[in-house]
Peer 1: 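To start, I am sharing the structure in question, which I have written as C-alpha cells.
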Amino acid sequence: MARILITSALPYINGIKHLGNLVGSQLPADLYARYMRARGHEVMFICATDEHGTPAEIAAQKAGKPVADYCAEMHTVQADLAAGFRLSFDHFGRSSSPQNHALTQHLAGRLHAAGLISEVSEKQVYSNADGRFLPDRYIEGTCPNCGYDRARGDQCENCTKQLDPTDLIDPRSAISGSTDLEVRETKHLFLRQKSMRDQLRDWIKSKKDWPILTTSIALKWLDDGDGLQDRGITRDLDWGIPVKNGDKDWPGMEGKVFYVWFDAPIEYIAATAEWAEAQGKGAEAWERWWRTDKGADGVRYVEFMGKDNVPFHTLSFPATMIGANFDGAEPWKMVDYIKSFNYLNYDGGQFSTSQGRGVFMDQALSILPADYWRWWLLSHAPESSDSEFTWENFQASVNKDLADVLGNLVSRVTKFCRSKFGEQVPEGGSYGPREDQLIADLSARLKAFETQMEAMEVRKSATELRGFWVLGNEYLQEAAPWSTFKTDADAAAAQVRLALNLIRVYAVVSQPFIPDASKAIMDALGCDDWSWPSDMGAALATLPAGHAFTTPEVLFAKITDEQREDWQNRFAGTRA
RNA sequence: GGGCCUGUAGCUCAAUGGUCAGAGCAGGGCGCUCAUAACGCCUUGGUUGGGGGUUCGAGUCCCUCCGGGCCUACCA
C-alpha cells in the first residue's frame, strides 16, 4: 500500500466555476483519488478556495459586502457545489485560514534567512478614487500604437502590443473609470528565484516522465530571454496575509500583504494542517505528508492543474520549498508528478467566468445529476489539446455510453431475472467455457484500465472502462439466457447469476467515474462489498445464490432532443 | 514579434520511425427479442491541412506555407 498525496489547483473565490475549470483540475484529481483509494492506497486529497488578490476585493465590493464575509459565503457555495459533483476532498480548505497565515509567514521568514528575499522599490499607479494601487491590467486607456480606446495597461487586446501603463493615453481605472491616477513609489519583497535557476532546471530535467505541456512551459520560463526573473511576492492590498518575517514584524512592510500566488500553493500544506486540526489530530498528522524528515519520504505527490497554473507550480512554489530548506532543517515534500490540462471550450468559443459564457457548476447540477457531467467531462478531458463541449456531443455520449451500454445492461439483467427467477440470485447450473472466456476477457480489460488509470490517462481510462462494460452486453447476447431458459432453466440460472455479479463488479470499477450510479447499483444489489476485483473469478462469485436484490430504477435517463434544444438555447448567451 | 501545443473518417479521438492508419458515435445491412426504440454481428467511409526534404521505411523527424489554440512574468 502506497501513500499518495493529491492536490487540485485551487479554484479562485470570485464566483462559481464553470465546467472548464472543473475538468481542468478538480475532477480528474478526484478520479485519481477515488481510484487510488479503491485500490487500497492511503490517499490525502486536498483542495481549497484561493481567496486573496485584487479580483476578490473587487468582487466583494460589487456584491456590497466586506471581503471577509464575501469570501466566507463564496467558500460555502463552492464547497456545496464540490460536494454536489461528489468531489471527494479529504479537506476543502481556505487560503485565508489561520494555518495558512502562519505557514506563509513562516516560509517567508525562512526564505529571508536564506538570503533569498530582496527589497525592491517600484513605481506603481495608484487610483485615488478607488483607494488602491492598480495592477497593470486594471488600467485602461487609448493604445499609443493603434488608437484602440480600451487597451489595458499590460497589453493592447486590439493590436496585441505589450504596453506599460504609463504608455497609455488618457489612462483611467478599469474599476471605477476614474482618471484621478498618480504614480507612487512603493516597496516590495521579491523572491530571488533567479539565483535558483540552475537548481530548478536540474530538478525539472530530472522529471523525465512529465507531460510535455508541463515541462515545456517550465523550461520556457527558465531559459527564455534573460531567463527566470525574480518575482514580487507582496502587494499593497488590505485583504491577504500580512507580511511578516515568521512571527515577527517586517520593518518597512507594514500594511502590505503577500501576493496571492505566493500563499496559494502554500495553502496545499496549510489545508492539510486544517484537516489535521478538524480531525482533532496533532501536527504530526499533516507533517507525515509534507515533511520528508517526518514520514513524507515515502509519499508520492501528484498535482493536477490547468496549463495556466504550470509556471507557479514548476518554478515559484518549488523555489519556495527548496529555499526554505537552505540549511537542511526543513525538507519539504516536492511534487513528483504534475498532470496539466488544456482548456475546454464551449460551443465554438471559450468558457468565461468574467463574461458568464458557458455552463457553470450550479447550472449543470440543476439540469442533470453529477454522474452525467462527470462521465462526459472525464471521457473528453482536454489532455492533448483544447477540447470542445457541444450539446450534441454531450447528448450522444451520455445516451450511448451511460444509458445504453451500462444503464440498459443493468436493466435487462435485473428485469430478466425478476421475471424468470424472482428478485434473488438464481440457484443451479454451472459455468462452462463461455464463462471462463468472459472471465479472461474481463481480466485483460481490467488490467488495461488499471494501466491507463495509473498513468493518469483520463480519456483512455474512460475508453477502457466503456469497453469493460461492453463485454457484459456481448456475453449476454451470446449466452442468450432468454433462449436457454426455454430448454435448460439451470443453465439460464447460472448465466443470470454471473450477469448479476458482473453488474456488481461494474459498480465497483466504475465508481471513480460515476460514484452515484455505482452506489445505486450496489444498493439495489443489497451489497456493500467494494473490494477491487483483482481476482475476477472470485469477484464474480461474491453474490451467492439466494441473495436478494431489488430491481433498480432507470440508472440514466436519456437526454431527449427537446431537452437538448432547450438547454442549448438557455445557455447560448451569457449569464446575468 | 518570440516560444510552445495542435491539424488524422461526417463528429470526438487513437496510433515507442516499422503489418493494410485504428476505435467509438453517426450512416448502411443482418440477427436477436431479456432490456431505457435497447443489445450483438457485419459493413461503407482517409492523398493523415498544402508543398518540399531525410530514410530501406514518415501520421510520426527536418524545412516551408496555411488554419486553430495557449503563454509571454502586475488577472489568478
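Proteins come first, then strands; the chains are lettered A, B, ... in the order of their sequence lines, and each starts at number 1.
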Peer 1: Give Leu409(A) one of three labels, base, sugar-phosphate or nothing, depending on what nucleic acid heavy atoms sit under 4.0 Å from its own.
Peer 2: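 Nothing: the residue Leu409(A), judged by heavy atoms under 4.0 Å, touches no strand.
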Peer 1: Can you see if the side chain of Lys558(A) gets near the phosphate of rA37(B) - specifically, an N or O under 4.0 Å from OP1 or OP2?
Peer 2: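 No, because none of the side-chain N or O atoms of Lys558(A) sits under 4.0 Å from OP1 or OP2 of rA37(B).
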Peer 1: With rounding to the closest Å, how many angstrom separate the C1' atoms on rG57(B) and rC20(B)?
Peer 2: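 It comes out at 15 Å once rounded to the nearest Å.
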Peer 1: Over all strands shown, is Val260(A) touching base, sugar-phosphate only, or nothing at heavy-atom distances under 4.0 angstrom?
Peer 2: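 Since only primed, P, OP1 and OP2 atoms lie under 4.0 Å of Val260(A), the category is sugar-phosphate.
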Peer 1: For rC61(B) versus rU8(B), give the span between their P atoms, rounded off to a whole number of Å.
Peer 2: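 rC61(B) and rU8(B) have their P atoms separated by 16 Å.
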Peer 1: Could you tell me whether the phosphate oxygens of rC34(B), OP1 or OP2, come under 4.0 Å of any side-chain nitrogen or oxygen in Arg412(A)?
Peer 2: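 No, because none of the side-chain N or O atoms of Arg412(A) sits under 4.0 Å from OP1 or OP2 of rC34(B).
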Peer 1: Touch check for Glu478(A), heavy atoms < 4.0 angstrom, all strands: base, sugar-phosphate only, or nothing?
Peer 2: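 The residue Glu478(A) makes no contact with any strand.
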Peer 1: Indicate whether OP1 or OP2 belonging to rA23(B) is found under 4.0 Å from a side-chain N or O atom of Arg466(A).
Peer 2: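 Answer no for this pair, as no side-chain N or O of Arg466(A) is under 4.0 Å from OP1 or OP2.
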Peer 1: Could you write out RNA chain B as dot-bracket? Rules: Watson-Crick or G-U wobble, both distances under 3.5 Å, brackets [ ] for crossings, | for pairs with another strand, dot for unpaired.
Peer 2: (((((((..((((....[...)))).(((((.......))))).....(((((..]....))))))))))))....
Peer 1: With stacking defined as ring centroids separated by under 5.5 Å and planes differing by under 30°, is Phe416(A) stacked against rC34(B)?
Peer 2: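 By the stated criterion, Phe416(A) and rC34(B) do not stack.
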Peer 1: Contact class for Gly472(A) (heavy atom, under 4.0 Å): base, sugar-phosphate, or nothing?
Peer 2: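 The residue Gly472(A) makes no contact with any strand.
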Peer 1: Give a yes or no on whether Arg184(A) atom CZ has more than 12 heavy-atom contacts from other residues, nucleotides or ligands under 6.0 Å away.
Peer 2: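 It does: Arg184(A) CZ has more than 12 such atoms within range.
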Peer 1: Which residue pairs pass the salt bridge (charged side-chain N to carboxylate O under 4.0 Å, His left out) test when at least one of the two sits in residues 473-501 of chain A, sequence neighbours left out?
Peer 2: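 Qualifying pairs: Arg434(A)-Glu478(A).
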Peer 1: Just call it for Phe312(A): base, sugar-phosphate, or nothing, with non-hydrogen atoms closer than 4.0 Å on any strand.
Peer 2: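 Touches a base.
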Peer 1: Tabulated below should be each protein N or O lying under 3.5 Å from an N or O of nucleotides 3-5 of chain B; please produce it.
Peer 2:
| from | atom 1 | to | atom 2 | distance (Å) |
| --- | --- | --- | --- | --- |
| rC4(B) | O2' | Ser216(A) | OG | 3.3 |

Peer 1: Check salt bridge (Lys or Arg N to Asp or Glu O under 4.0 Å) between Asp130(A) and all other residues, then give those that pass, not counting sequence neighbours.
Peer 2: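 Asp130(A) satisfies salt bridge (Lys or Arg N to Asp or Glu O under 4.0 Å) with no residue once adjacent residues are dropped.
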Peer 1: Return the polar atom pairs (N/O with N/O) between nucleotides 44-46 of chain B and the protein under 3.5 Å, or none.
Peer 2:
none

Peer 1: Per the salt bridge (charged side-chain N to carboxylate O under 4.0 Å, His left out) rule, what does the pair list look like for residues 376-387 of chain A, sequence neighbours excluded?
Peer 2: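 Pairs touching residues 376-387 of chain A that pass the test: Lys307(A)-Asp386(A), Lys339(A)-Glu383(A).
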Peer 1: Lys400(A) or Tyr259(A): which one's nearest nucleotide on RNA chain B is closer to the 5' end?
Peer 2: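 That would be Lys400(A).
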Peer 1: On RNA chain B, check which nucleotide each of Tyr138(A) and Ser387(A) is closest to and give me the residue with the more 5' one.
Peer 2: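 The residue whose closest nucleotide sits nearer the 5' end is Ser387(A).
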Peer 1: Run the side chain to side chain contact (heavy atoms under 4.5 Å, CB included) test against Ala29(A) and tell me which residues pass, sequence neighbours left out.
Peer 2: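 Partners of Ala29(A) by the side chain to side chain contact (heavy atoms under 4.5 Å, CB included) criterion, ordered by chain and then number, come out as Ile6(A), Ser8(A), Phe45(A), Phe304(A).
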Peer 1: Look at all strands and tell whether Asn408(A) reaches a base, only sugar-phosphate, or nothing, counting heavy atoms closer than 4.0 Å.
Peer 2: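 Base, at least one base heavy atom under 4.0 Å.
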Peer 1: Can you run down the salt bridge (charged side-chain N to carboxylate O under 4.0 Å, His left out) pairs that involve residues 389-410 of chain A, sequence neighbours left out, and say none if there aren't any?
Peer 2: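 Salt bridge (charged side-chain N to carboxylate O under 4.0 Å, His left out) check on residues 389-410 of chain A returns Lys400(A)-Asp404(A), Asp401(A)-Arg466(A), Asp404(A)-Lys558(A).
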Peer 1: Are Arg94(A) and Glu267(A) within salt-bridge range, i.e. N to O under 4.0 Å?
Peer 2: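 Looking at Glu267(A) together with Arg94(A), the answer is no, because their closest N to O distance does not fall below 4.0 Å.
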Peer 1: Can you tell me how far P of rU36(B) sits from CG of Asp561(A), to the nearest Å?
Peer 2: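 For the pair Asp561(A) CG and rU36(B) P, the rounded distance is 20 Å.
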Peer 1: What residue pairs, at least two apart or across chains, pass salt bridge (charged side-chain N to carboxylate O under 4.0 Å, His left out) with a residue in residues 228-241 of chain A?
Peer 2: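 Listed once each, the pairs are Asp236(A)-Lys256(A).
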Peer 1: When you measure from the side-chain N and O atoms of Tyr475(A) to the phosphate of rC34(B), is any distance below 4.0 Å, counting only OP1 and OP2?
Peer 2: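 For rC34(B), neither OP1 nor OP2 has a side-chain N or O of Tyr475(A) closer than 4.0 Å.
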Peer 1: Would you classify Tyr343(A) as touching base, sugar-phosphate or nothing, given that sugar-phosphate means primed atoms plus P, OP1 and OP2, and contacts are heavy atoms under 4.0 Å?
Peer 2: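 Sugar-phosphate, backbone atoms only, no base.
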Peer 1: For a quick test of reading the model: is some side-chain N or O of Lys460(A) closer than 4.0 Å to OP1 or OP2 of rA15(B)?
Peer 2: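 It does, given that an N or O in the side chain of Lys460(A) lies less than 4.0 Å from OP1 or OP2 of rA15(B).
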Peer 1: Got a sec: does the CD of Glu182(A) have more than 12 other heavy atoms crowding it under 6.0 Å?
Peer 2: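 Enclosed: over 12 neighbouring heavy atoms sit under 6.0 Å from CD of Glu182(A).
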Peer 1: Only counting residues at least two apart or in another chain, list the ones meeting side chain to side chain contact (heavy atoms under 4.5 Å, CB included) with Lys207(A).
Peer 2: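 Checked Lys207(A) against side chain to side chain contact (heavy atoms under 4.5 Å, CB included); matches are Trp203(A), Trp210(A), Asp336(A).
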Peer 1: In this structure, how many angstroms lie between the P atom of rA23(B) and the CG atom of Asp401(A), rounded?
Peer 2: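 Roughly 17 Å, once rounded to whole Å.
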Peer 1: For Gln78(A), give me all partners under side chain to side chain donor-acceptor pair (under 3.5 Å), at least two apart in sequence or on another chain.
Peer 2: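 Testing Gln78(A) for side chain to side chain donor-acceptor pair (under 3.5 Å), a comparison that skips the adjacent residues, returns none.
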Peer 1: What closest approach, in Å, do Phe312(A) and Pro318(A) show between heavy atoms, and which atom pair accounts for it?
Peer 2: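 Phe312(A) and Pro318(A) have their closest heavy atoms at O-CD, 3.9 Å.
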Peer 1: Using atom C1' of each nucleotide, how far apart are rG28(B) and rC34(B) to the nearest Å?
Peer 2: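 My reading of the C1' atoms in rG28(B) and rC34(B) gives 27 Å.
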Peer 1: Under the rule for ring pair (Phe, Tyr, Trp, His ring centres under 6.0 Å), what residues qualify as partners of Trp221(A), not counting sequence neighbours?
Peer 2: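 None.
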Peer 1: Let me know the distance between CZ of Arg132(A) and P of rC75(B), rounded to the nearest Å.
Peer 2: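 These atoms are roughly 14 Å apart.
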Peer 1: What's the NZ-P distance between Lys307(A) and rU6(B), to the nearest Å?
Peer 2: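 Whole-Å distance recorded here is 11 Å.
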